[in-house]
2 protein chains.
Amino acid sequence: MKANTKRQTRQLQVIWEAIKDEKSHPSADQVYEKVRRVMPSVSLGTVYRNLQKLVADEKLQVVTVGRTQRFDPTVEKHEHFICEACGRVYDFFVDSKRKIFSSSLPSEAFTVTSHQLALYGKCKSCQG
Amino acid sequence: MKANTKRQTRQLQVIWEAIKDEKSHPSADQVYEKVRRVMPSVSLGTVYRNLQKLVADEKLQVVTVGRTQRFDPTVEKHEHFICEACGRVYDFFVDSKRKIFSSSLPSEAFTVTSHQLALYGKCKSCQG
DNA sequence: TTTGATGCAAATCATTTGCATGGGT
DNA sequence: ACCCATGCAAATGATTTGCATCAAA
């Protein structure tokens with residue numbers, strides 16, 4: 001907790017506690033509902049603002065599914081599999097990315113700073 | 001023009017004309033503005049509905065940039081480079097994708113039906 | 001005490017939808 | 001004539017923001 005985070009408020013602590021071990025890639029609203037249980041007076045705006053801070057501090061990553069941002073406490077570089085049946089998001093790791101990307105750029109004049117790879121399909125719980 | 005498209009309306013024709021040779025990956029609103037010039041009475045809702053039809057008919061592809069859908073008349077499978085400085089979107093093609101993806105799935109129990117790869121950075125017009 | 005953070009509500013942005021009317025077929 | 005498509009406006013969903021007040025430092 002540093003950089004963009006200037007004050008250690010109780011709501012920031014509670015929000016971080018609510019998401020730090022989440023594997024479900026919750027939306028801001030889902031985080032809000034979870035935080036509400038322990039701090040009913042929290043506001044949705046505060047949840048949004050603190051999630052932004054955590055992202056800026058690189059304690060969270062964002063995955064966009066449809067029109068909704070979802071938050072992932074796994075910050076190591078990784079990719080996502082999005083189940084089109086149930087909406088669940090799964091993390092997975094690829095090692096051989098670097099060479100793939102650098103060999104297929106539109107031109108050397110393009111500087112790549114990041115990338116995003118998402119696979120869509122049916123997860124194992126939704127087969128059949 | 002078939003499948004989901006049941007009627008050949010003038011607005012559908014005009015909307016298709018407006019986007020079919022576009023390289024700029026316009027948003028619905030940008031298509032609307034362009035269509036308005038030739039058909040001032042068109043409504044934004046109609047533009048949205050017809051863009052959806054064209055996507056369903058596989059005459060257009062969607063690229064999501066931030067919270068906004070952008071439309072691409074290039075329907076062959078390809079990837080996107082998104083310039084974080086100017087917002088422009090560039091198409092590019094990768095051949096060796098298949099082997100990469102199939103070798104890095106979370107598990108064989110996951111069925112992948114599509115994927116989306118986007119590179120972010122600075123395009124050649126925005127260097128320096 | 002100072003000033004960033006909060007709660008609340010209103011605002012914004014992109015997109016969708018309900019409904020009466022219009023226009024393809 | 002049928003009934004899908006349109007124009008319009010209101011509704012929706014996600015997220016942001018203005019502002020008076022509160023509480024970390």
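For clarity, every value in this text was computed on a predicted model and none was experimentally measured. Order of the sequence lines fixes the chain letters, A, B, ..., with proteins taken first and strands second; residue numbering starts at 1 for each chain.
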Expressed as a whole number of angstroms, how long is the span from [X]:[atom1] to [N]:[atom2]?
X: B/Q13; N: C/dT25; atom1: CD; atom2: C1'; answer: 14 Å
X: B/E33; N: C/dA14; atom1: CD; atom2: C1'; answer: 14 Å
X: B/R7; N: C/dT25; atom1: CZ; atom2: P; answer: 8 Å
X: A/N50; N: C/dT6; atom1: CG; atom2: C1'; answer: 9 Å
X: A/Y48; N: C/dA9; atom1: OH; atom2: C1'; answer: 15 Å
X: B/L12; N: C/dT25; atom1: CG; atom2: C1'; answer: 15 Å
X: A/L44; N: C/dA5; atom1: CG; atom2: P; answer: 18 Å
X: A/I15; N: C/dT6; atom1: CD1; atom2: C1'; answer: 10 Å

Checking [X] side chain against [Y] main chain: does a donor-acceptor pair fall under 3.5 Å?
X: B/R70; Y: B/H25; result: yes
X: B/D72; Y: B/T74; result: yes
X: A/K34; Y: A/A18; result: yes
X: A/Q8; Y: A/Q13; result: no

Can you tell me if the side-chain N/O atoms of [X] get under 4.0 Å from OP1 or OP2 in [N]?
X: A/T46; N: C/dG7; answer: yes
X: A/K53; N: C/dG4; answer: no
X: B/Q11; N: D/dG7; answer: yes

Quiz item: Any idea which of C/dA5, C/dG22, D/dT6 is nearest the B/T9 side chain?
Solution: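 Given the options C/dA5, C/dG22, D/dT6, the side chain of B/T9 is closest to D/dT6.
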Self-check item: Which nucleotide in C/dT16, C/dG7, D/dA25 has an atom nearest any side-chain atom of B/Q52
Solution: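 Taking heavy atoms from C-beta onward, the closest nucleotide is C/dT16.
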Practice problem: Would you indicate what A/S41 reaches in the nucleic acid, counting non-hydrogen atoms under 4.0 angstrom: base, sugar-phosphate, or nothing? | Solution: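 Sugar-phosphate only.
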Quiz item: Using a cut-off of 4.0 Å on non-hydrogen atoms, how would the nucleic acid contact of A/R49 be classed: base, sugar-phosphate, or nothing?
Solution: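 Base contact.
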Quiz item: Should A/V75 and A/V89 be counted in the same cluster of Ile, Leu, Val, Met, Phe, Trp and Tyr side chains packed under 4.5 Å apart?
Solution: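 No, no single cluster joins them.
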Practice problem: Report the residue (A/V47 or B/Q69) whose heavy-atom-nearest nucleotide on DNA chain C is the more 5′ of the two. | Solution: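 With A/V47 and B/Q69 compared, the 5'-side residue is A/V47.
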Practice problem: Assign each of B/R67 and B/G45 to its nearest nucleotide of DNA chain D by heavy atoms, then name whichever residue's nucleotide is nearer the 5' end. | Solution: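 Its nearest nucleotide lies further toward 5', so the answer is B/G45.
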